[in-house]
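Written out below as structure tokens is the structure these notes cover.
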Amino acid sequence: MVGAKCSDRVDKCVNLTEKFNKRILTMVVDSHEAALNELFVAKACMPMFTGVPVVDLTHPQAKRLIVEACQNVGTFKLVNHGVPFELITRLENEALNFFMQPQSHKDKASPPDPFGYGNKEIGSNGDMGCLEYLLFSTNPEVISPKATLLLQQNPQIFRTGVEDYTRAVKKMCCEVLELMADGLGIESRDVFSRLVRDERSDSILRINRYPASGEVNAEVEEALGGGNLIGFGEHTDPQIISILRSNNASGLQICLQDGTWASIPSDHTSFYFIVGDLLQVMTNGRFKSVKHRVLAGSSISRLSMIYFGGPPLNEKIGPLPSLVSKKEESLYKELTWREYKNATYKSRLSDNRLTLFEKSVTASSLLQLTCHRHFPFVNNFSLGYHDETDGQMDKKGCVSVLMDKNSIISFVQNMIN
Ligand SMILES: C=C1C[C@]23C[C@@]1(O)CC[C@H]2[C@@]12CC[C@H](O)[C@@](C)(C(=O)O1)[C@H]2[C@@H]3C(=O)O
Ligand SMILES: O=C(O)CCC(=O)C(=O)O
Ligand SMILES: [Fe+2]
């Protein structure tokens, strides 16, 4: 039974690279059951987390509060944001109308390339989640036949909603990014905002719909056995900043500094700003790209709309000189957004991609990314390691191979050759 063991599982965020110094590496080829098991997490009776800072955009101290929030938690809730509620509900209703269409109609724009309609499969490297979604690029240079088809075939649904919403959210995004630069004491206020405002900015709009508990079929409910169903697995967002708006269904969780998961209360009138990987790099690690995930199966279905603010593809990203006093203190090297994005899209959702920016790329990050690149079609392949005290992996049907660091490096080299 898939979910029977779930409540025993330790529900903590684990950073693989932090574990790299542990001596024993384990290569795990999961069975189908174990792969399914990844869609469940223990149901902890946790109250809603109240520690996410709330920032009023019209408050004179907004810039200080934004900087503190990005440093301490990696996210904050923005109120009095100025985006008309009518624009938000219009797009939300248009999206709901689309999701109500017959599956065969929605599937015409699937799988995303990487834009279009997606159902359960996230990205193209085997990640699964309990959701359906739409992905649009805001960059006219990016050609996506599936997204074009989607807009052409559903003009009555997506009349102007996507464009109007994106324009308004982008304006608010730039305002906040300028307060951020100000708050950090950076002379040029537009150091972040110019990247998102640029007409070649590689930004994305994503609309996710997660089923309510009543929609999940009885077999899955039974298998859950008191566990929670993963809607969108743990990850960090690769861009500069993500701006999330959802209806009043719960589900969003962030990983706190002590490694525990905290449930974030939903608020359909506000926006959550989430620090992305590029902002962590540009601030030389002062801001934290926070790991987050979404649980499906709330009492009502969850509809979220996320704007991912990204720079133009050829923009070089590295720590801002004004935030690094001496060159040696720079934690990250420079990569173009194109380079980082390409590596991101070859990785699995939970991979720690930021290691690619780190000055010494560790063997573990190369390993994770290389394995996924060479076996993207293998749904249930995962590579992990644990220390001796963790003992056996508890997933039934796993084949575990113990190897030391050098053996695994030569194993990967053999795979490549
Ligand atoms: C598994 C994947 C989906 C993703 C591309 C990736 O290979 C790794 C990062 C994922 C992510 C997370 C944030 C955004 O939702 C997203 C659109 C992005 O830019 O990176 C998704 C990608 C996706 O769904 O295609
Ligand atoms: O749907 C949500 O609420 C968040 C999804 C998310 O984190 C993402 O799409 O990157
Ligand atoms: Fe995300």
Side-chain angles (χ1 to χ4, degrees), residues 38 74-75 77 92 95 99 110-139 142 144 146-147 201-211 230-255 263-268 270-279 289-296 298 301-311 313 337-338 340-354 356 368-369 372-373 376 379 382:
E38 281 171 17
T75 183
K77 179 167 111 166
E92 182 174 25
F99 289 127
S110 177
D113 58 5
F115 302 105
Y117 168 78
N119 187 13
K120 298 190 185 69
E121 284 176 27
I122 302 175
S124 50
N125 305 316
D127 285 291
M128 304 287 282
C130 194
L131 84 164
E132 55 180 332
Y133 61 88
L134 290 164
L135 275 170
F136 300 101
S137 170
T138 66
N139 181 356
V142 178
S144 163
K146 294 283 172 45
S201 140
D202 186 36
S203 299
I204 295 176
L205 180 69
R206 172 171 210 137
I207 308 179
N208 294 328
R209 196 191 80 89
Y210 303 89
I230 289 284
F232 205 109
E234 65 178 79
H235 66 284
T236 61
D237 293 342
Q239 292 83 358
I240 299 173
I241 194 91
S242 312
I243 303 177
L244 184 152
R245 187 270 172 192
S246 78
N247 65 355
N248 274 339
S250 60
L252 180 66
Q253 297 191 323
I254 59 166
C255 183
S263 293
I264 306 301
S266 55
D267 174 357
H268 71 298
S270 324
F271 289 95
Y272 279 102
F273 278 66
I274 300 175
V275 172
D277 294 348
L278 298 188
L279 196 53
S289 167
V290 65
K291 207 185 267 182
H292 53 284
R293 69 181 185 187
V294 180
L295 303 182
S298 158
S301 80
R302 173 178 171 91
L303 193 107
S304 58
M305 315 199 285
I306 310 110
Y307 170 84
F308 300 94
L313 284 165
W337 167 232
R338 181 182 275 106
Y340 189 61
K341 186 181 175 182
N342 286 345
T344 292
Y345 276 72
K346 285 177 187 147
S347 68
R348 294 287 293 262
L349 206 50
S350 63
D351 285 345
N352 182 1
R353 293 169 280 275
L354 265 173
L356 294 168
Q368 273 188 52
L369 295 174
H372 296 316
R373 197 170 64 233
N379 215 353
S382 70

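The analysis underlying the following values was restricted to heavy atoms, covering all of them including side chains, and did not include hydrogens, waters or symmetry mates. Read the numbers this way: they start at 1 and go in the same order the structure lists the ligands and their atoms. Numbers here simply count residues along the sequence, with the first being 1.
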* **Check: Ser266 side chain, Asn248 main-chain N or O, donor-acceptor pair, under 3.5 Å** =>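 Flag set: sc Ser266 to bb Asn248 pair under 3.5 Å.
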* Asked: With no hydrogens and no angle check, is any side-chain donor or acceptor of Asp127 less than 3.5 Å from a backbone partner on Leu349?
  ->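 Yes, Asp127 side chain to Leu349 backbone: donor-acceptor pair under 3.5 Å.
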Of the protein's non-hydrogen atoms, which lies at the shortest distance from [atom], and what is that distance?
atom: atom 1 (C) of ligand 1; value: Asp127 OD2, 3.4 Å
atom: atom 5 (C) of ligand 2; value: Asn208 ND2, 3.4 Å
atom: atom 14 (C) of ligand 1; value: Phe308 CZ, 3.5 Å
atom: atom 10 (O) of ligand 2; value: His235 NE2, 3.0 Å
atom: atom 12 (C) of ligand 1; value: His235 CD2, 3.8 Å
atom: atom 7 (O) of ligand 1; value: Ser347 O, 2.9 Å

Short N/O distance, under 3.5 Å, between [X] and ligand 1?
X: Tyr345; value: yes
X: Arg348; value: no
X: Thr236; value: no

* Asked: Is ligand 2 less than 4.0 angstrom away from at least one heavy atom of Tyr210?
  ->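 So Tyr210 counts as touching ligand 2.
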* Within less than 4.0 angstrom of ligand 2, does Arg302 place any heavy atom? ->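 Contact present.
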* Side-chain donor-acceptor pair under 3.5 Å between Asp351 and His235, yes or no? ->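 Result is no, nothing qualifies.
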* Would His268 and Asn247 count as having a side-chain donor-acceptor pair, cut-off 3.5 Å? ->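 No - no donor-acceptor pair under 3.5 Å links their side chains.
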State the atoms of ligand 2, each with its element, that fall below the 4.0 Å cut-off from a heavy-atom position in [X].
X: Arg206; result: 9 (O)
X: Ser304; result: 1 (O), 2 (C), 3 (O)
X: Val294; result: 1 (O), 2 (C), 3 (O), 4 (C)
X: Phe308; result: 8 (C), 9 (O), 10 (O)
X: Leu244; result: 2 (C), 3 (O), 4 (C)

Atom of [X], atom of [Y] and distance for their closest heavy-atom approach:
X: Ser203; Y: Gly309; value: OG-CA, 3.6 Å
X: Leu279; Y: Ile240; value: CB-O, 3.3 Å
X: Leu313; Y: Lys341; value: CD2-CD, 4.0 Å
X: Arg302; Y: Ala249; value: NH1-O, 3.0 Å

Which of the atoms in ligand 1, numbered in the order shown and given with their element, are less than 4.0 Å from a heavy-atom of [X]?
X: Asn125; result: 7 (O)
X: Ile122; result: 1 (C), 3 (C), 24 (O)
X: Gly123; result: 2 (C), 3 (C)

* Asked: Would you call Gln239 a ligand 1 contact, heavy-atom distance under 4.0 Å?
  ->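 The answer is yes, since Gln239 has a heavy atom less than 4.0 Å from ligand 1.
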Applying a heavy-atom cut-off of 4.0 Å, say which part of [X] lies close to ligand 2: side chain, backbone, both or neither.
X: Asp237; value: side chain
X: His292; value: side chain
X: Ile306; value: side chain

* To do: May I ask which of Glu121, Met128, Arg206 has a heavy atom nearer to atom 24 (O) of ligand 1 than the others do?
  =>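 Looking at heavy atoms only, the winner is Arg206.
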* Asked: Heavy atoms only: which of Asp237, Thr344, Leu205 is nearest to atom 8 (C) of ligand 1?
  ->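 Heavy atom nearest to atom 8 (C) of ligand 1 belongs to Thr344.
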* **Worked check of side chain to side chain contact (heavy atoms under 4.5 Å, CB included) between Val290 and Thr236** => CA-CA 6 Å; Val290 65; Thr236 61; over 6 Å; no
* To do: Run through Ile207, Ile204, Asp113 and flag the one making a side chain to side chain contact (heavy atoms under 4.5 Å, CB included) with Leu135.
  =>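 When side chain to side chain contact (heavy atoms under 4.5 Å, CB included) is applied between Leu135 and each of Ile207, Ile204, Asp113, only Ile204 qualifies.
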* Asked: Picking from Tyr133, Phe136, Tyr117, what satisfies side chain to side chain contact (heavy atoms under 4.5 Å, CB included) with Pro112?
  ->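 Looking at Tyr133, Phe136, Tyr117, the match for Pro112 under the side chain to side chain contact (heavy atoms under 4.5 Å, CB included) is Tyr133.
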* **Which segment of Pro238 sits under 4.0 Å of ligand 1 when only heavy atoms are counted** =>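 Near ligand 1, Pro238 shows its side chain, while the N, CA, C and O stay back.
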* Asked: Taking heavy atoms and a distance under 4.0 Å, where does Leu349 meet ligand 1: side chain, backbone, both or neither?
  ->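 The part of Leu349 near ligand 1 is both the backbone and the side chain.
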* **Phe308 CZ to Ile241 CD1 distance, which is reported to the nearest 0.5 Å** =>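 The CD1 atom of Ile241 is 11.5 Å from CZ of Phe308, to the nearest 0.5 Å.
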* To do: With rounding to the nearest 0.5 Å, note down the distance linking CZ in Arg245 to CD1 in Ile243.
  =>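 If I round to the nearest 0.5 Å, the distance is 14.0 Å.
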* **Angular separation of OD1 (Asp237) and NE2 (His292) seen from the Fe ion (ligand 3), to 10°** =>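 It rounds to 100°.
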* Evaluate side chain to side chain contact (heavy atoms under 4.5 Å, CB included) for Phe232 paired with Tyr210, printing each intermediate quantity in order. => CA-CA 9 Å; Phe232 205 109; Tyr210 303 89; 3.5 Å; yes
* Mind running side chain to side chain contact (heavy atoms under 4.5 Å, CB included) on Gln239 and Asp277 for me, showing each step along the way? => CA-CA 6 Å; Gln239 292 83 358; Asp277 294 348; over 6 Å; no
* To do: Flag atom 10 (C) of ligand 1 as yes if some protein heavy-atom distance to it falls below 4.0 Å, otherwise no.
  =>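 Yes, there is a protein heavy atom closer to it than 4.0 Å.
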* Asked: Can you list the steps and then say if Ser263 with Gln253 is a side-chain hydrogen bond (donor to acceptor under 3.5 Å, both in side chains)?
  -> CA-CA 4 Å; Ser263 293; Gln253 297 191 323; 3.1 Å; yes
* Test Ile230 against Arg293 for side chain to side chain contact (heavy atoms under 4.5 Å, CB included), laying out the working first. => CA-CA 8 Å; Ile230 289 284; Arg293 69 181 185 187; 4.2 Å; yes
